[in-house]
Amino acid sequence: MSAVTTTEAAVRVAAAKDAPQVRRRRRLSPGRRLPAARLAGPVLLLALWAAASAAGQLDPAAIPAPWTVVRTGAHLWTDGTLPTDILTSLQRAATGFVIGLVAGVVLALASGLSRTGEALIDGTVNLNRAIPTLGLIPLFILWLGIGETFKVAIIAIVVYIPIYLNTHAALSGIDHRFVELAEVQGLSRFAFVRQIVVPGALPGFFVGLRLGVTGSWLGLVVLEQINATSGLGYMMFQAQNYGQSDVILVGLVVYGVFGLVSDSAVRLVERRVLSWRRTLSS
């Protein structure tokens, strides 16, 4: 009886060795998306700021406490200063952004879909990119005056360059086999643009759009401190003259909120429009 049992055990061990080993698959993706994960960093920064202020580690004259900034912001809102400045800044940023968006897309399509357009446009845009945009301010003041026009023009330049570069790069990266397939299928020019060009260019376009949105706010900070009579940048410039660091921080917080909200809105639209893609982030 023991010999039979020993033989059966040996057979089982041999069978186990011959059986294919099932390896446990390692999970390499980042994992499931956490809700409101992008707010974790700002919330942590705010908590550290509040803790350092409460512990007396920060000079109140240089970096006021968060609750001081909130009180100052509430006061500026109730007396009507902050709403007026916010509305003015939004109008400037929106006008420049729309002009830059249209210009970037049109130039990218003209350059990406035509060799003649690429010869005429791409080198000029890259030359413009090599010149610091804010360095054009003195020249634009001479051309357009010191009013609103030159501010909108500078913002438009800041916006159109990243939109053009990323959209043009996406167009240039479309696989040529898709073009050959469209030619074999006899697609019209409009159908080719709608079915091949637009889906291929959208990922790069959204990258440029996010950079353009951020760039519009960055340019606005500088431009509103040049002969302006309203706007968040003007409010911060006046606060600098009077040593009001809390007012400066109110302006920075508003700029940061606008930048974060606009970037999140572009990300949301991107996920909706490009829901057909299976990427690492999704």
Side-chain angles (χ1 to χ4, degrees), residues 81-111 121-122 124-170 201-202 204-238 248 250-270 273:
T81 302
L82 192 57
T84 303
D85 290 335
I86 288 177
L87 182 60
T88 303
S89 296
L90 286 176
Q91 289 174 343
R92 288 175 181 148
T95 304
F97 177 77
V98 171
I99 296 174
L101 172 63
V102 174
V105 171
V106 170
L107 291 175
L109 290 175
S111 177
I121 296 173
D122 192 60
T124 306
V125 174
N126 279 280
L127 177 62
N128 190 1
R129 179 174 67 94
I131 300 174
T133 305
L134 297 180
L136 297 173
I137 291 178
L139 188 60
F140 271 61
I141 291 177
L142 292 176
W143 287 349
L144 304 174
I146 205 165
E148 294 295 314
T149 306
F150 101 91
K151 296 181 178 65
V152 172
I154 292 293
I155 293 173
I157 293 176
V158 172
V159 171
Y160 101 90
I161 290 178
I163 291 179
Y164 169 85
L165 292 175
N166 286 277
T167 305
H168 181 268
L202 278 177
F205 164 74
F206 277 110
V207 174
L209 187 63
R210 291 180 56 200
L211 294 174
V213 169
T214 305
S216 65
W217 294 115
L218 294 177
L220 191 65
V221 175
V222 178
L223 294 169
E224 288 190 330
Q225 299 183 27
I226 301 176
N227 196 42
T229 57
S230 61
L232 292 172
Y234 169 76
M235 181 187 74
M236 295 167 61
F237 180 71
Q238 291 296 103
I248 296 176
V250 169
L252 291 177
V253 169
V254 174
Y255 275 129
V257 170
F258 282 160
L260 182 62
V261 170
S262 56
D263 183 74
S264 300
V266 174
R267 284 176 176 270
L268 179 61
V269 174
E270 180 182 12
V273 174

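None of the values given here were measured: they were computed from a predicted structure.
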Colleague: So how far is it from Ile157 CD1 to Ile131 CD1, rounded to the nearest 0.5 Å?
Modeller: 9.5 Å
Colleague: How close do Leu144 and Ala153 get, heavy atom to heavy atom, and via which atoms?
Modeller: CD1-CB, 3.9 Å
Colleague: Test of understanding: with ring pair (Phe, Tyr, Trp, His ring centres under 6.0 Å), list the residues that count as partners of Tyr234, not counting sequence neighbours.
Modeller: none
Colleague: Working to the nearest 0.5 angstrom, can you tell me the gap between Ile154 CD1 and Leu220 CG?
Modeller: 12.5 Å
Colleague: Return the minimal non-hydrogen interatomic distance between Ala201 and Thr167, and the atom names on each side.
Modeller: CB-CG2, 4.4 Å
Colleague: Is the shortest heavy-atom distance from the side chain of Asn166 to the side chain of Leu209 under 4.5 Å?
Modeller: no
Colleague: Answer yes or no: is there a donor N or O on one side and an acceptor on the other, between the side chain of Tyr164 and the main chain of Gly100, under 3.5 Å?
Modeller: no
Colleague: Partners of Phe140 by ring pair (Phe, Tyr, Trp, His ring centres under 6.0 Å), sequence neighbours excluded?
Modeller: Trp143
Colleague: Run Ile99 and Tyr160 through side-chain contact (heavy atoms from CB on, under 4.5 Å) and show every step you take.
Modeller: CA-CA 8 Å; Ile99 296 174; Tyr160 101 90; over 6 Å; no
Colleague: Any side-chain heavy atom of Thr214 within less than 4.5 Å of one from Arg210?
Modeller: no
Colleague: Would you please test Asp263 and Val213 for side-chain contact (heavy atoms from CB on, under 4.5 Å) and show each step?
Modeller: CA-CA 7 Å; Asp263 183 74; Val213 169; 5.5 Å; no
Colleague: To the closest 0.5 Å, what do you measure between CD1 (Ile248) and CZ (Phe237)?
Modeller: 10.5 Å
Colleague: Quick one: do Lys151 and Glu224 make a salt bridge, cutoff under 4.0 Å?
Modeller: no
Colleague: Check whether any side-chain heavy atom of Leu101 sits under 4.5 Å from a side-chain heavy atom of Phe205, and report yes or no.
Modeller: yes
Colleague: Mark yes or no for whether Ser89, through its side chain, and Ile86, through its backbone, hold a donor-acceptor pair below 3.5 Å.
Modeller: no
Colleague: Taking C-beta and beyond as the side chain, do Asp122 and Leu107 meet within less than 4.5 Å on heavy atoms?
Modeller: no
Colleague: How long is the span from the CG atom in Leu211 to the CG atom in Leu165, to the nearest 0.5 Å?
Modeller: 9.5 Å
Colleague: Looking at every non-hydrogen atom in both residues, tell me the closest pair between Gly215 and Val158 and how far apart they are.
Modeller: O-CG1, 3.3 Å
Colleague: Where do Leu232 and Val221 land on the side-chain contact (heavy atoms from CB on, under 4.5 Å) test, with the steps shown first?
Modeller: CA-CA 8 Å; Leu232 292 172; Val221 175; over 6 Å; no
Colleague: Show the numbers, then the answer: is there a side-chain contact (heavy atoms from CB on, under 4.5 Å) between Leu136 and Asn128?
Modeller: CA-CA 10 Å; Leu136 297 173; Asn128 190 1; 4.3 Å; yes
Colleague: Any side-chain heavy atom of Glu148 within less than 4.5 Å of one from Gln91?
Modeller: no
Colleague: Grab the two heavy atoms, one from Ile121 and one from Ala110, that are nearest each other, plus how far apart they are.
Modeller: CD1-CB, 3.8 Å
Colleague: Taking atom OG1 of Thr81 and atom CD of Gln238, what is their separation to the nearest 0.5 Å?
Modeller: 11.5 Å
Colleague: Could you report the tightest heavy-atom contact between Ile163 and Gly208, atom names first, then the distance?
Modeller: CG1-O, 3.4 Å
Colleague: Does a side-chain heavy-atom distance below 4.5 Å link Val105 with Leu109?
Modeller: yes
Colleague: Examine distances only and state if a side-chain atom of Ser262 and a backbone atom of Phe258 form a donor-acceptor pair shorter than 3.5 Å.
Modeller: yes
Colleague: Can you name the one residue among Val261, Leu260, Leu268 that meets side chain to side chain contact (heavy atoms under 4.5 Å, CB included) with Ser264?
Modeller: Leu260
Colleague: As an exercise, state the distance from CG of Asp85 to CG of Leu90, rounded to the nearest 0.5 Å.
Modeller: 11.0 Å
